[in-house]
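Remember, predicted model here, so these are calculated numbers, not experimental data.
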Amino acid sequence: YDSAIEDSDPGMLSGLADLVNTKSTLKLSDQGKMSDVQLPDNVESIKSAGIDLQQVLSQSVTQLPDAPIAIGDTWKVQQEMPMGQMGKAQAEVRYKLIATDDKHITLEQEMLIDIDKLNMPAGKIDSITAKGRLKIDVRTGMPIEMDMKMSTKISGQMKMSMDLTQRVRPAPAPAKKKPSPEKPGLEKPTTGK
């Protein structure tokens, strides 16, 4: 979906175009715990589409461990996950530190999602797991790259197995539009004197 293209179909993301050029502010602790969230006034337009912007923001920030760790060390975080029409689930997110440099932290991530309280009218959710890798900017705490694969298995009336792969990479900033030159032949007429 591209909000700059008139015929682009937003689908479930219809309210997101209303947030272009708006601002959200939040405070992060050294470990990435979020507080003091202030959302744009028009955030209601995406709530009707089932998107909780505060929840999206909290999931985009990785909570780091309280104490220093070494390459290969792991830690766990409990997190609430919105699952669309199925409701909200509790998830245990396990992280492993893979690499660091002066600009980035690279982590492996695995989510174990508690499926017991999810509502699935036409079947039963057997399992939902997600695994991947992410690179975090050390200045902002925000992910700049992410690869994630989520696997869902459903049995009962609607039996299926589904894998969803997500890949996030930074996009280049849009080029600034150059002012259009005056069209030739449209100069002011002269009197000929």
Rounded to the nearest 0.5 Å, what separates atom [atom1] in [X] from atom [atom2] in [Y]?
X	Y	atom1	atom2	answer
Lys159	Asp126	NZ	CG	8.5 Å
Lys76	Gln63	NZ	CD	15.0 Å
Ile113	Gln90	CD1	CD	11.0 Å

I'd like to know if Asp36 pairs up with Lys27 as an ion pair, taking the criterion as any Lys NZ or Arg NE/NH1/NH2 lying under 4.0 Å from an Asp or Glu carboxylate oxygen.
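A salt bridge is present here (some side-chain N lies under 4.0 Å from a carboxylate O).
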
Charged N to carboxylate O under 4.0 angstrom, Arg139 versus Asp137?
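The answer is yes: the pair qualifies as a salt bridge.
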
Please list every donor-acceptor pair under 3.5 Å in which a side-chain atom of residues 143-150 meets a protein atom from a residue at least two apart or in another chain.
residue: Asp147; atom: OD1; partner: Arg167; partner atom: NE; Å: 2.9
residue: Asp147; atom: OD2; partner: Arg169; partner atom: NH1; Å: 3.4
residue: Asp147; atom: OD2; partner: Arg169; partner atom: NH2; Å: 2.9

Could you please spell out the steps behind the side-chain contact (heavy atoms from CB on, under 4.5 Å) verdict for Trp75 and Val93?
CA-CA 8 Å; Trp75 71 98; Val93 187; over 6 Å; no

Which atom names give the shortest non-hydrogen contact between [X] and [Y], and what distance separates them?
X	Y	result
Gly72	Lys96	O-CE, 3.7 Å
Tyr95	Gln109	OH-NE2, 3.4 Å
Ala70	Leu97	O-CD2, 3.7 Å
Ile71	Ile98	CG2-O, 3.3 Å

For a 4.5 angstrom cut-off between non-hydrogen side-chain atoms, does Asp102 reach Val138?
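With C-beta onward as the side chain, the pair stays apart.
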
I would like to know whether Leu134 and Thr106 meet side-chain contact (heavy atoms from CB on, under 4.5 Å); could you show each step before the answer?
CA-CA 6 Å; Leu134 64 150; Thr106 304; over 6 Å; no

Please walk me through it: do Ile136 and Leu107 pass side-chain contact (heavy atoms from CB on, under 4.5 Å)?
CA-CA 8 Å; Ile136 299 168; Leu107 306 173; 3.5 Å; yes

Set of side-chain contact (heavy atoms from CB on, under 4.5 Å) partners for Lys131, sequence neighbours left out
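With neighbours one apart ignored, the set is Glu110.
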
